[in-house]
Amino acid sequence: MPDLATPLNAWYRSTARDLPWRRPGFGAWGTLVSEFMLQQTPVNRVVPHLEAWLERWPTPAALADAPPAAAVAQWANLGYPRRALWLHRAAIEICDRHGGVVPREVDALLALTGIGDYTARAVAVFAYGDRHPVVDTNTRRVIARAVDARSQPGPAAKGDLAAMEALLPRADAEAATFNAAAMELGATVCTARSPRCDSCPIAHACAWRAAGYPDTGDSRRRQARYEGSDRQARGAVLKALREGAGHELPAKLVAADWADPRQRDRAVDSLIVDGLVEATDGMLRLPR
DNA sequence: AAGGCGTGGAA
DNA sequence: TTTCCAAGCCT
């Protein structure tokens, strides 16, 4: 396997996007919040919400002191609102277990609510500069192509970490840059559709290119249709509560115009199970 | 371990 | 219009 880090890191240093969480001294809390928001939400939509969030809650303690309803409401339309609830819980856990300081150890990060293999290592690497493999969907696609000569990655697997570890430079700082560079390449050049191989800094070393760009199939999961789904109904219920005064409304008025009333009720019930909604004597509200 | 979970922009 | 896709996590 040829060295990918030297050309990729050089490319990153000259062309990487200027993003808030890449500013020097951005801080571990900012990094943690950004990573929560970036879980399945595009970069461009995250940036303004991240800045507003950190202005309101500049520390884990500040968020931990707020009611969960405030976090869910501030999350606005970023999607997957359970992440707001999980981030709020993580802030409480950081205060309870770590004195209000975002932990540095991967195991401690993994033990926080809403943090998995990706986010734990992203914080340890990008906030603290430690040496770990950081593997997201971009990195998996870059490795699938450059190393495994496949057109698309398989489903996320534990072995992904070892595959990235094998490519990682020895020095901490170079390893951190390589982690970020692999993600950046996947996000801007080695994209899922229509990759820009002409502009790729590691095209000369790419196994997929050497093999003639074979279509090796696509094992990714298909997302269920959103229009008319329970998920869309949940979204409508939560949107109403977010925008209601005091994040509270008479149950009968919440998404009252939803076409299928039984689906609406099902959505409310599932939101209550998830802790995103509370019900008391005819009222629905975001969790206090 | 396969499926559920929001939202909006691009192709 | 429909489908795809986006710095995943949890159960």
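Here the structure is a predicted model, which means the values were calculated and not measured. Numbered from 1 within each chain, the chains take letters A, B, ... in sequence-line order.
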In whole angstroms, how far is the C1' atom of C:dA7 from the CG atom of A:Leu109?
16 Å
Quick check on the hydrophobic clustering: are A:Met283 and A:Leu241 connected, directly or via other members, by side-chain heavy-atom contacts under 4.5 Å?
no
How many Å lie between CD on A:Gln232 and C1' on B:dG4, as a whole number?
16 Å
Which one, C:dA7, C:dT3, C:dC9, comes nearest to the side chain of A:Thr119?
C:dC9
Is A:Glu35 paired with A:Arg83 through a side-chain N to carboxylate O contact shorter than 4.0 Å?
no
Students often get this wrong, so: under 4.0 angstrom with heavy atoms, is A:Leu19 touching a base, only sugar-phosphate, or nothing?
base
Interatomic distance at P, C:dC10 relative to B:dG8, whole Å:
25 Å
Need one value for A:Thr137: base, sugar-phosphate or nothing, where a base atom within 4.0 Å counts as base even if backbone is also close, heavy atoms only.
sugar-phosphate
Whichever of A:Ser194 and A:Pro81 has the more 5' nearest nucleotide on DNA chain B, that residue is A:Pro81
Could you check whether A:Trp53 and A:Trp75 have their ring centres less than 6.0 Å apart?
yes
So what does A:Ala192 touch, heavy atoms closer than 4.0 Å: a base, only the sugar-phosphate, or nothing?
sugar-phosphate
Starting from P on C:dA6, measure out to CG on A:Leu185 and report it in whole angstrom.
13 Å
Taking B:dG4, C:dA7, C:dT2 as options, the one with an atom nearest any side-chain atom of A:Glu35 is C:dA7
Same-atom distance (C1') from C:dA6 to B:dG6, integer angstrom:
12 Å
A:Tyr80 has its side chain closest, among C:dA7, C:dG8, C:dC4, to C:dG8
Measure the spacing between CG of A:Leu63 and CG of A:Leu87 and express it to the nearest 0.5 Å.
5.5 Å
Using atom CD of A:Glu184 as one end and atom C1' of C:dA6 as the other, report the distance to the nearest whole Å.
14 Å
Using only side-chain N and O atoms of A:Gln39, determine if any of them is under 4.0 Å from OP1 or OP2 of C:dG8.
no
Using a 4.0 Å heavy-atom cut-off across all strands, classify A:Arg17 as base, sugar-phosphate, or nothing.
base
Looking at every non-hydrogen atom in both residues, tell me the closest pair between A:Ala84 and A:Ala71 and how far apart they are.
CB-O, 3.7 Å
Determine: side-chain N/O of A:Arg141 to OP1/OP2 of C:dA6, distance under 4.0 Å, yes or no.
yes
Report the distance from atom CG of A:Leu112 to atom C1' of C:dC9, rounded to the nearest whole Å.
13 Å
Send over the distance from A:His49 NE2 to C:dA6 C1', rounded to a whole Å.
14 Å
Give a yes or no on whether a donor-acceptor pair under 3.5 Å exists between the nucleobase atoms of C:dA6, that is its base, and the side chain of A:Gln223.
yes
Which is true for A:Tyr226 with a 4.0 Å heavy-atom rule: it touches a base, it touches only sugar-phosphate, or it touches nothing?
base
Compare the minimum distances between each of B:dA11, C:dA7, B:dT7 and the side chain of A:Asn77, then state the nucleotide with the smallest one.
B:dT7
Proximal nucleotide (of C:dC4, C:dA7, B:dG6) relative to the A:Arg22 side chain:
C:dA7
Look at A:Arg220 and C:dC5 and indicate whether a side-chain polar atom (N or O) is within less than 4.0 Å of OP1 or OP2.
yes
What interatomic distance, in whole Å, is found between C1' of C:dG8 and the corresponding atom of B:dA1?
15 Å
Describe the nucleic acid contact of A:Trp21 in one word from base, sugar-phosphate, nothing, applying a heavy-atom distance below 4.0 Å.
base
Test log, rule side-chain contact (heavy atoms from CB on, under 4.5 Å), inputs A:Arg231 and A:Gln223
CA-CA 12 Å; A:Arg231 298 167 72 176; A:Gln223 235 180 215; 4.2 Å; yes
Counting side-chain heavy atoms from CB outward, which of C:dT2, B:dA11, B:dC5 is closest to A:Arg193?
B:dA11
dist A:Asp269:CG -> A:Arg234:CZ (nearest 0.5 Å) comes out at 11.0 Å
How many Å lie between CG on A:Leu32 and C1' on C:dC9, as a whole number?
14 Å
Out of C:dA7, B:dG6, B:dT7, whichever nucleotide has its closest atom nearest the side chain of A:Arg234
B:dG6
Mind checking A:Leu238 for me? I need base, sugar-phosphate or nothing, with any heavy atom below 4.0 Å counting as a touch.
nothing
Taking OP1 and OP2 of C:dC9, is either one under 4.0 Å from a side-chain nitrogen or oxygen of A:Arg83?
no
May I ask you to verify whether the side chain of A:Arg45 and the base of B:dG8 hold a donor-acceptor pair under 3.5 Å?
no
Could you identify which residues cluster with A:Tyr118, counting Ile, Leu, Val, Met, Phe, Trp and Tyr as linked when any side-chain heavy atoms lie under 4.5 Å apart, either directly or through a chain of such contacts?
A:Val125, A:Phe126, A:Val134, A:Met183
Hey, is the side chain of A:Thr41 pairing donor to acceptor with the base of B:dG8 inside 3.5 Å?
no
In whole angstrom, what separates A:Leu78's CG from B:dC5's P?
19 Å
Considering only C:dC4, C:dC10, C:dA7, which nucleotide approaches the side chain of A:Trp86 most closely?
C:dC10
Hey, does A:Asn44 reach any base, or is it just sugar-phosphate, or nothing, if we go heavy atoms under 4.0 Å?
nothing
Map A:Arg222 and A:Gly186 onto DNA chain C by nearest heavy atom, then report which one ends up closer to the 5' terminus.
A:Arg222
Expressed as a whole number of Å, how far does the C1' atom of C:dT11 sit from that of B:dT7?
23 Å
